[in-house]
Amino acid sequence: MIYRITFFNEEVDNFKRVFDCNPDATFLDLHKAVLASVKYPDDQMTSFFLCNDRWEKEQEVTLVPMENSFEYDNMVMEDTRLSDLLTESKQRLIYVFDPMFDRNFFGELTLQKGEVEGVQCVVSTGKAPKQLETEDFLNTGSGSMDVDADFYGSDEYDADELDPEGFGDMNFDDSSLF
């Protein structure tokens with residue numbers, strides 16, 4: 001049996017990666033093959049998620065052990081074989097390649113007859129989306145982004161709206177406050 005997993009990405013037209021996988025291969029094997037196919041460094045806390053038909057995330061398979069969720073067990077890529085979780089054709093999964101900005105590859109499983117060693121990229125079309133870095137995000141748009149203004153709101157204010165006495169109406173000597 002061959003697990004054929006086809007990944008696509010909505011950010012880039014014409015992007016597609018197809019992997020033929022041995023069912024006994026691990027999610028870590030698939031992770032490494034995906035990164036090699038798109039030439040991304042292995043420096044992110046990536047995850048796989050099994051999904052329902054509406055692409056809603058369900059079971060997570062993490063790169064490193066994490067805290068357990070209430071609904072699902074903690075599954076780690078290195079210890080989880082593809083056949084442990086992928087069981088039927090048309091099953092969907094998401095590979096989160098950029099967790100900081102929640103960027104993903106969407107995948108779908110098809111079952112093929114035959115055998116394959118490990119995980120092999122058999123189709124590679126289109127350029128992978130550019131891997132964003134924090135500096136890229138902060139410098140997008142027209143010039144650099146004013147983080148303080150965006151986070152805290154406008155720095156313009158009307159001085160007449162301020163109480164010149166500060167907290168003039170408050171009486172801290174009133175014991176009923178404590």
Side-chain angles (χ1 to χ4, degrees), residues 1-134 136-138 140 150-151:
M1 175 78 54
I2 296 174
Y3 280 21
R4 177 164 283 177
I5 302 173
T6 304
F7 286 104
F8 64 93
N9 178 274
E10 296 176 335
E11 295 176 37
V12 179
D13 291 334
N14 216 17
F15 174 84
K16 182 166 127 178
R17 296 293 185 275
V18 180
F19 298 90
D20 280 354
C21 310
N22 183 305
D24 288 330
T26 64
F27 278 87
L28 183 62
D29 298 328
L30 180 57
H31 157 78
K32 289 179 179 182
V34 170
L35 290 181
S37 77
V38 294
K39 297 179 176 63
Y40 290 166
D42 192 0
D43 62 354
Q44 299 290 318
M45 293 299 297
T46 59
S47 291
F48 287 96
F49 285 90
L50 290 143
C51 300
N52 62 24
D53 292 341
R54 294 181 307 276
W55 294 103
E56 294 169 337
K57 295 176 182 176
E58 295 177 345
Q59 175 68 55
E60 181 178 16
V61 183
T62 60
L63 187 58
V64 297
M66 307 290 266
E67 286 187 31
N68 289 342
S69 75
F70 292 109
E71 291 184 65
Y72 302 106
D73 292 334
N74 182 21
M75 313 275 307
V76 179
M77 288 183 200
E78 182 177 26
D79 302 329
T80 309
R81 291 180 298 150
L82 298 176
S83 60
D84 291 343
L85 298 176
L86 302 176
T87 57
E88 58 190 49
S89 207
K90 302 293 181 193
Q91 196 167 354
R92 293 181 170 181
L93 66 154
I94 291 175
Y95 176 68
V96 180
F97 67 87
D98 190 348
M100 185 164 194
F101 301 109
D102 195 26
R103 298 171 67 223
N104 313 302
F105 294 138
F106 299 90
E108 188 170 275
L109 172 69
T110 54
L111 304 176
Q112 308 276 317
K113 291 184 179 183
E115 292 184 23
V116 66
E117 285 283 322
V119 177
Q120 300 172 8
C121 183
V122 295
V123 175
S124 177
T125 59
K127 288 187 175 183
K130 183 179 181 232
Q131 189 77 342
L132 293 179
E133 296 183 17
T134 305
D136 295 334
F137 178 72
L138 293 175
T140 57
D150 286 348
F151 185 77

When you compare the side chain of [Y] with that of [X], does any pair of heavy atoms fall below 4.5 Å?
{"X": "Leu63", "Y": "Gln44", "value": "no"}
{"X": "Leu93", "Y": "Phe49", "value": "no"}
{"X": "Leu30", "Y": "Phe48", "value": "yes"}
{"X": "Phe7", "Y": "Ser37", "value": "no"}
{"X": "Asp29", "Y": "Cys21", "value": "no"}

Problem - Qualifying residues under salt bridge (charged side-chain N to carboxylate O under 4.0 Å, His left out), relative to Asp102, sequence neighbours excluded - result: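 Result, salt bridge (charged side-chain N to carboxylate O under 4.0 Å, His left out) vs Asp102: Lys57.
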Exercise for the section: For Asp84, check salt bridge (charged side-chain N to carboxylate O under 4.0 Å, His left out) against everything at least two apart and list the hits. Expected result: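 Here the qualifying residues are Arg81.
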Problem - Thr62 side chain to Thr46 backbone, donor-acceptor under 3.5 Å - result: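 No; zero donor-acceptor contacts below 3.5 Å.
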Practice task
Verify, without hydrogens or angle tests, whether Tyr40 (side chain) and Phe97 (backbone) share a donor-acceptor contact under 3.5 angstrom.
Solution key: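 Absent.
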Restricting to side-chain contact (heavy atoms from CB on, under 4.5 Å), what partner residues turn up for [X], sequence neighbours left out?
{"X": "Lys16", "result": "Thr6, Val18, Val123, Thr125"}
{"X": "Arg92", "result": "Cys51, Trp55, Glu108"}
{"X": "Glu88", "result": "Gln91"}

Which atom pair, heavy atoms only, marks the closest approach of [X] to [Y]?
{"X": "Pro129", "Y": "Arg103", "value": "CB-NH2, 3.5 Å"}
{"X": "Glu60", "Y": "Ser47", "value": "OE2-OG, 2.8 Å"}
{"X": "Val12", "Y": "Ala128", "value": "CG2-C, 4.3 Å"}

Exercise for the section: Assign the ring pair Phe105 / Tyr95 to parallel, tilted or perpendicular, where the plane angle (0 to 90°) is split at 30° and 60°. Expected result: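 Rings of Phe105 and Tyr95: parallel, as their planes differ by under 30°.
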Handout entry: Asp13 atom CG, neighbour heavy-atom count above 12 within 6.0 Å
Key =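 Atom CG in Asp13 is not packed in, count stays at 12 or less.
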Problem - Heavy atoms of other groups near Glu78 CD, more than 12 under 6.0 Å - result: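 It does not: Glu78 CD has 12 such atoms or fewer within range.
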Exercise for the section: Could you go through the side-chain contact (heavy atoms from CB on, under 4.5 Å) check for Leu50 and Leu86 one step at a time? Expected result: CA-CA 8 Å; Leu50 290 143; Leu86 302 176; 3.5 Å; yes
Practice task
Give the intermediate values and the outcome of side-chain contact (heavy atoms from CB on, under 4.5 Å) for residues Phe27 and Leu82.
Solution key: CA-CA 6 Å; Phe27 278 87; Leu82 298 176; 3.9 Å; yes
Exercise for the section: Could you give me the CA-CA distance, side-chain angles and deciding distance for Glu10 and Phe106, then say whether side-chain contact (heavy atoms from CB on, under 4.5 Å) is met? Expected result: CA-CA 9 Å; Glu10 296 176 335; Phe106 299 90; 4.3 Å; yes
Donor-acceptor contacts under 3.5 Å from residues 109-122 side chains, at least two apart:
| unit_1 | atom_1 | unit_2 | atom_2 | d |
| --- | --- | --- | --- | --- |
| Thr110 | OG1 | Arg4 | O | 3.4 |
| Gln120 | NE2 | Glu117 | O | 3.4 |

